[in-house]
Amino acid sequence: MLKKIFRKKTQTGTGTVAVLPLSSDDIGRVRERCRALVRRKAAISAGISAVPIPGVDIVADLTSFASMVEAINKDFGLTPAQIEALQPHMRVVTYQAMAALGSTLVGKLVTKELVLKLLQKSGAKLAAKSATKIVPLAGQIASAAIGFALFRQMGYQHVEACARVAQEVGQKTAAPA
């Protein structure tokens, strides 16, 4: 009953209902769907990393990662627009959970600059990925493997951050006031 009071369903542009998942089952389903998205995007990133032209993979990774983060935020009901559509108490609880967990991309408008800043934190891996392209074939394979692992790791971290925010909000709104 309390959950129905605090969450507000909103219509998105596609006509589907977007809701912040609050139950453990809902969060688990969304988490698995998002992890599958991360694996697909990481595989695409690996394929692009195998292209022997330095720099192509960085541009593709920026675009792909930004769209992936936006999709994950949307699935968890944590886009800026979705958060603003929540009832005031729920919105405050959501912002508090995001601040407490210190997540960089949860609930934020994702820009290429923000993603680039995040990727720069993984600079050594990116440098290794680019440097391996110099060696024919083996370097391309290594670059693809590094690209896949890096992309997947960063994607999984974002999925888990969103899940933690959703769990925190669910716990705070389920507890009697």
Pairs involving residues 27-37, ordered by first then second residue, that meet salt bridge (charged side-chain N to carboxylate O under 4.0 Å, His left out) (sequence neighbours left out): Asp26-Arg29, Arg31-Glu160, Arg33-Asp75, Arg35-Glu160
Audit row: Glu70, Ser67, side-chain hydrogen bond (donor to acceptor under 3.5 Å, both in side chains) steps and yes/no: CA-CA 5 Å; Glu70 288 174 7; Ser67 69; over 6 Å; no
Note, Arg39 side chain near Tyr156 side chain (heavy atom, < 4.5 Å): yes
Asn73 versus Cys162, closest heavy-atom pair with distance: OD1-SG, 3.4 Å
Any Ile72 side-chain heavy atom under 4.5 Å of Val38 side chain: yes
Gln82 side chain to Thr79 backbone, donor-acceptor under 3.5 Å: yes
Minimum heavy-atom distance between Glu84 and Arg91, given as atom pair plus value: O-NH2, 3.3 Å
Donor-acceptor contact below 3.5 Å, side chain Ser64 vs main chain Ala60: no
Donor-acceptor contact present, side-chain Gln167 to main-chain Ser24, <3.5 Å: no
Salt-bridge present (Glu168, Lys172; N to O < 4.0 Å): yes
Worked verdict on Phe76 versus His158 for side-chain contact (heavy atoms from CB on, under 4.5 Å): CA-CA 11 Å; Phe76 275 99; His158 183 64; over 6 Å; no
Evaluation steps, side-chain contact (heavy atoms from CB on, under 4.5 Å), between Met154 and Phe65: CA-CA 9 Å; Met154 291 173 53; Phe65 193 78; 3.8 Å; yes
Worked check of side-chain contact (heavy atoms from CB on, under 4.5 Å) between Phe148 and Ser45: CA-CA 6 Å; Phe148 178 83; Ser45 173; over 6 Å; no
Separation between CZ of Phe151 and CD1 of Ile44, rounded to the nearest 0.5 Å: 8.0 Å
For the student: nearest non-hydrogen atoms of Thr94 and Leu78, plus distance: CG2-CD2, 3.8 Å
Shortest non-hydrogen contact from Ala166 toward Pro21: CB-O, 3.5 Å
